Amino acid sequence: MSAVLQLTDVVRVHGEAPHQVQALRGVSFAAHPGELVAVMGPSGSGKSTLLTIAGGLDSPTSGAVTVEGVDLARLGQQGRARMRRTSIGYVFQGFNLIPALTAAENVALPRELDGVAPRQARAEARAALEEVGILDLADRFPDDMSGGQQQRVAIARAVIGERRLILADEPTGALDTETGEEILRLLRARCDAGAAGVLVTHEARHAAWADRVVFLRDGVVVDETGADRAEVLTEAAGR
């Protein structure tokens with residue numbers, strides 16, 4: 001089965017000599033339909049860089065990134081933005097909600113920008129908010145919500161529409177344990193329905209929801225195995 005996401009020999013270098021930092025060093029990575037992949041590793045290992053490159057928010061210094069067979073480098077900035085509105089759902093650590101828009105308006109915005117009629121976009125947004133358990137907050141503004149509530153709005157925005165690839169950077173960081181489990185269950189269900197998911201996490205219990213764990217260290221994939229090994233990998237990193 002063809003991969004939804006494919007990174008091939010991706011290198012990402014920040015800065016210029018002699019102060020260059022290699023965030024990724026020849027990383028090859030794939031996520032297939034129906035698969036949730038957890039990416040783990042210590043701070044500074046390249047996890048978030050991998051995710052921003054996978055979502056077309058950053059470009060590799062060298063190597064190739066394809067989403068559903070499309071080379072992101074060939075799309076240009078506008079083409080990548082359109083793919084993020086239609087095919088890629090991205091959950092940021094910092095929420096990235098627009099303060100002047102309500103929860104429903106934030107969630108509906110990608111659909112409206114892609115030409116969906118406002119009434120339909122708002123209906124889809126309310127359905128997504130219901131899916132993450134906060135439909136009652138549809139008309140509330142981000143500044144009137146807790147961090148956990150804002151995170152759930154961000155997740156609803158990431159899963160609205162027919163997203164084939166869902167990228168989540170520590171999506172449960174602002175949530176209590178019970179709500180975090182609900183969100184992981186939602187991501188798992190989306191993957192079971194055919195999407196590909198990539199989950200960056202520090203928590204072995206969260207990685208246990210994944211089909212596969214990719215472990216990064218110093219910008220290199222050092223292990224790739226089933227989710228049952230997540231706790232072992234985390235303990236090894238600590239040592």
Side-chain angles (χ1 to χ4, degrees), residues 4-5 31 34 36-38 48 51-52 54-57 67 81-201 203 206 209-210:
V4 175
L5 170 67
L36 178 60
V37 184
S48 292
L51 218 59
T52 56
L57 294 168
V67 176
R82 185 178 189 282
M83 179 165 279
R84 285 193 298 273
R85 292 196 306 269
T86 58
S87 298
I88 303 173
Y90 203 119
V91 183
F92 301 89
Q93 283 189 11
F95 312 147
N96 284 14
L97 301 177
I98 299 175
L101 300 181
T102 66
E105 290 168 343
N106 266 284
V107 175
L109 184 60
R111 300 290 284 154
E112 292 189 47
L113 290 174
D114 204 47
V116 175
R119 179 175 294 182
Q120 179 182 341
R122 299 294 170 84
E124 293 179 8
R126 294 180 72 84
L129 288 169
E130 184 174 20
E131 194 170 5
V132 299
I134 52 169
L135 178 58
D136 57 317
L137 303 180
D139 298 322
R140 192 175 296 184
F141 292 94
D143 288 346
D144 298 325
M145 302 179 198
S146 68
Q149 290 168 339
Q150 290 183 55
Q151 181 66 299
R152 288 204 263 182
V153 174
I155 292 168
R157 182 182 56 190
V159 300
I160 190 174
E162 297 297 325
R163 305 299 179 98
R164 297 285 297 147
L165 174 63
I166 300 174
L167 307 173
D169 195 354
E170 297 283 358
T172 61
L175 305 176
D176 60 66
T177 301
E178 183 178 353
T179 305
E181 293 291 307
E182 291 174 3
I183 294 304
L184 289 167
R185 190 174 293 109
L186 168 62
L187 294 175
R188 177 72 262 176
R190 284 301 177 107
C191 292
D192 290 343
V198 182
L199 167 69
V200 166
T201 182
E203 298 277 354
H206 295 163
W209 288 83

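Since the structure is predicted, the reported quantities are computational estimates derived from the model, not experimental observations.
- For the pair Phe92/Leu57, a side-chain contact is recorded, criterion being any heavy-atom separation below 4.5 Å from C-beta on.
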Verdict with supporting geometry, Arg140 and Thr102, side-chain contact (heavy atoms from CB on, under 4.5 Å): CA-CA 5 Å; Arg140 192 175 296 184; Thr102 66; over 6 Å; no
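- Taking CD from Glu162 and CD from Glu124, the interatomic distance works out to 8.5 Å, rounded to the nearest 0.5 Å.
- With values rounded to the nearest 0.5 angstrom, Ile98 atom CD1 is found 5.0 Å from Leu109 atom CG.
- The shortest distance between side-chain heavy atoms of Leu175 and Glu182 does not fall below 4.5 Å.
- For the atom pair CZ (Arg152) and CG (Leu186), the distance works out to 11.0 Å, reported to the nearest 0.5 Å.
- In plain terms, the two heavy atoms of Phe141 and Pro99 that are nearest each other are CD2-O, 3.5 Å.
- Using modelled atom types, no side-chain atom of Arg111 and backbone atom of Val116 make a donor-acceptor pair closer than 3.5 Å.
- The two residues Ala154 and Phe95 make their nearest non-hydrogen contact at CB-O, 3.9 Å.
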Criterion side chain to side chain donor-acceptor pair (under 3.5 Å) on Asp169 and Ser48, from CA distance to verdict: CA-CA 7 Å; Asp169 195 354; Ser48 292; 3.0 Å; yes
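- Side-chain atoms of Val107 and Leu129, non-hydrogen and from C-beta on, do get closer than 4.5 Å to each other.
- Environment of CZ in Arg188: crowded, with over 12 heavy atoms of neighbouring residues, nucleotides or ligands closer than 6.0 Å.
- The main-chain N or O of Val159 is found under 3.5 Å from a side-chain atom of Arg190 such that the two form a donor-acceptor pair.
- You'll find the side chain of Leu184 reaches within 4.5 Å of the side chain of Leu199, heavy atoms only.
- For the pair Gly197 and Cys191, the tightest heavy-atom approach, listed with the atom from each and the gap, is N-SG, 3.5 Å.
- Side-chain contact between Asn96 and Arg157 is present, with heavy atoms from C-beta onward closer than 4.5 Å.
- With hydrogens and angles ignored, the 3.5 Å screen pairs a side-chain donor or acceptor of Gln151 with a backbone N or O of Pro171.
- Separating the CD1 atom in Ile183 from the CD1 atom in Ile155 is a distance of 4.0 Å, to the nearest 0.5 Å.
- Looking only at side-chain heavy atoms (C-beta outward), Arg163 and Ile88 stay at 4.5 Å or farther from each other.
- Summarising the geometry of Ala125 relative to Ala104, their closest heavy-atom pair is CB-O, 3.5 Å, with the distance given to 0.1 Å.
- Inter-residue side-chain proximity for Leu101 and Leu97 is flagged as unmet; no heavy-atom pair is nearer than 4.5 Å.
- The two residues Ala121 and Ala108 make their nearest non-hydrogen contact at O-CB, 3.6 Å.
- Under the 3.5 Å distance criterion, the side-chain polar atoms of Gln149 are matched with a main-chain donor or acceptor of Ser146.
- Between the CG atom in Asp139 and the CZ atom in Arg126 there is a gap of 6.0 Å [rounded to 0.5 Å].
- The NE2 atom of His206 sits 5.5 Å away from the CD atom of Glu181 when rounded to the nearest 0.5 Å.
- Here the closest heavy-atom approach between residue Ala54 and residue Leu167 is recorded as C-CD1, 3.9 Å.
- Glu112 places a side-chain heavy atom less than 4.5 Å from the side chain of Arg122.
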